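These values consider heavy atoms only, across backbone and side chains, with no hydrogens, waters or symmetry-generated copies. Here the structure is a predicted model, which means the values were calculated and not measured.
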Amino acid sequence: MTFSVVAHDPDGPAWGVAVASKALCVGAHVPWGRFASGALATQAWHDLRYGWEGLGRLDEGLAAGEVVGALTATDPEARYRQLGVVDRDGRAATHTGADCMRWAGGSAGDGFAVQGNLLAGPQVVESMAAAWRSGDGLPFAERMVEALAAGDAAGGDRRGRQSAALRVWGPTPLDLRVDDGPDPVTGLRRLVSRFRTVP
């Protein structure tokens, strides 16, 4: 029901999450982060504990993969959950439980993790990863939103569209949300554009 990109900008430095879903107010519970520690997205049969405990692990300096391991190892319902993490150094990891709502999957690379569930197919995360990689040179917020838009254009959440959000923890923090609308990713793009024109 949700797809997201979690990313790191070493030039900021900044960390961020962009997310969209056929669910109300996705920005209220999926994105978590802290400046100089990292960011994460907890989704699918999500557990808010992954948010605050994940941030605690990032604060301790754990690598992204170690954070994923620490959260899922003792969770009997980890097989239903999905998680993307980028740590303070830009290392990234993603987790999709074996019983996560299909189609579900993710991909992680240098400075980013993309993941989604209840998607139109694997092309959604593939398009997001490709857009992130080809977006080098874009401002950080725009790069995340363009990756999200690529996933949306590739089919996104197979149930439809409802909400989208962008969070950035960095020198210029951002908290932009479209909580309920027919085309939330386009709305999020518009909000980012308006934010950039504010003097």
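Nearest heavy-atom pair, Thr74 versus Ala70, reported as atom, atom and distance to 0.1 Å: OG1-O, 4.2 Å. The two residues Ala14 and Val168 make their nearest non-hydrogen contact at CB-CG1, 4.2 Å. When all heavy atoms of Ala141 and Val192 are compared, the pair lying nearest together is CB-CG1, 4.4 Å. Taking both residues in full, the closest heavy atoms of Arg177 and Ala165 are given as CG-CB, 3.7 Å, listed atom of the first, atom of the second, then distance.
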*Please lay out, stage by stage, how Val114 and Thr94 fare under the test side-chain contact (heavy atoms from CB on, under 4.5 Å).*
CA-CA 7 Å; Val114 293; Thr94 185; over 6 Å; no
*Output, in order, the C-alpha distance, side-chain angles, deciding distance and verdict of side-chain contact (heavy atoms from CB on, under 4.5 Å) for Val6 and Val85.*
CA-CA 6 Å; Val6 185; Val85 182; 5.9 Å; no
*Between Val26 and Thr2, is a side-chain contact (heavy atoms from CB on, under 4.5 Å) present by the stated rule, with each step listed?*
CA-CA 8 Å; Val26 70; Thr2 301; 4.1 Å; yes
*Go through the steps to decide whether Asn117 and Gln43 satisfy the test side-chain contact (heavy atoms from CB on, under 4.5 Å), and finish with yes or no.*
CA-CA 8 Å; Asn117 59 86; Gln43 56 198 54; 3.9 Å; yes
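Applying the side-chain hydrogen bond (donor to acceptor under 3.5 Å, both in side chains) rule to pairs touching residues 99-113 yields Arg79-Asp99, sequence neighbours excluded. Every pair passing ring pair (Phe, Tyr, Trp, His ring centres under 6.0 Å) that includes a residue from residues 6-26 is listed here, sequence neighbours excluded: His8-Trp15, Trp15-Phe35.
Hydrophobic clustering (ILVMFWY, side-chain heavy atoms < 4.5 Å, transitive): Leu24 and Val30 are in distinct clusters. One hydrophobic cluster, built from ILVMFWY side chains closer than 4.5 Å, holds both Val125 and Phe3. Val19 and Leu118 are assigned to two separate hydrophobic clusters, defined by single-linkage of ILVMFWY side chains at heavy-atom distances under 4.5 Å. Taken together through direct or relayed side-chain contacts under 4.5 Å among Ile, Leu, Val, Met, Phe, Trp and Tyr, Val5 and Trp169 form parts of separate hydrophobic clusters.
No donor-acceptor distance shorter than 3.5 angstrom exists from the side chain of Thr96 to the backbone of Gln82, with no hydrogens or angles considered. A donor-acceptor pair under 3.5 Å links the side-chain atoms of Asp47 to the main chain of Arg49, judged by distance alone. A donor-acceptor pair under 3.5 Å links the side-chain atoms of His95 to the main chain of Ala78, judged by distance alone. The backbone N or O of Pro182 sits nowhere less than 3.5 Å from a side-chain atom of Arg161 that would complete a donor-acceptor pair. Side chain of Arg167 to main chain of Pro31: no donor-acceptor pair is present (N/O by atom type, distance under 3.5 Å, no hydrogens or angles). Side-chain N or O atoms of Asp152 include none that pairs as donor or acceptor with a backbone N or O of Gly156 at under 3.5 Å.
Under the 4.5 Å side-chain criterion, counting only non-hydrogen atoms from C-beta, His46 is not in contact with Leu83. At least one side-chain heavy atom of Leu48 sits under 4.5 Å from a side-chain heavy atom of His29.
To the nearest 0.5 Å, atom CZ of residue Arg34 and atom CG of residue Asp59 are 4.0 Å apart. Interatomic distance, CG of Leu166 versus CZ of Phe195, reported as 9.5 Å (0.5 Å rounding). To the nearest 0.5 angstrom, Asp179 atom CG is 3.5 Å from Cys25 atom SG. Rounding to the nearest 0.5 angstrom, the gap separating the CZ atom in Arg91 from the CD atom in Glu66 is 7.0 Å. Atoms CG and CD, from Asp75 and Glu53 in turn, are 9.5 Å apart once rounded to the nearest 0.5 Å. Taking CG of Leu62 as the reference point, atom CG of Asp87 lies at 9.0 Å (rounded to 0.5 Å).
Side chain to side chain, Gln162 and Ser21 fail the donor-acceptor criterion of an N or O pair below 3.5 Å.
With respect to the salt-bridge test (charged N to carboxylate O, under 4.0 angstrom), the residues Glu146 and Arg189 qualify.
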Output side-chain donor-acceptor pairs under 3.5 Å for residues 126-135, partner residues at least two apart or in another chain, one line each.
residue: Ser127; atom: OG; partner: Gln123; partner atom: O; Å: 2.8
residue: Ser134; atom: OG; partner: Ala130; partner atom: O; Å: 3.1
residue: Ser134; atom: OG; partner: Ala131; partner atom: O; Å: 3.3

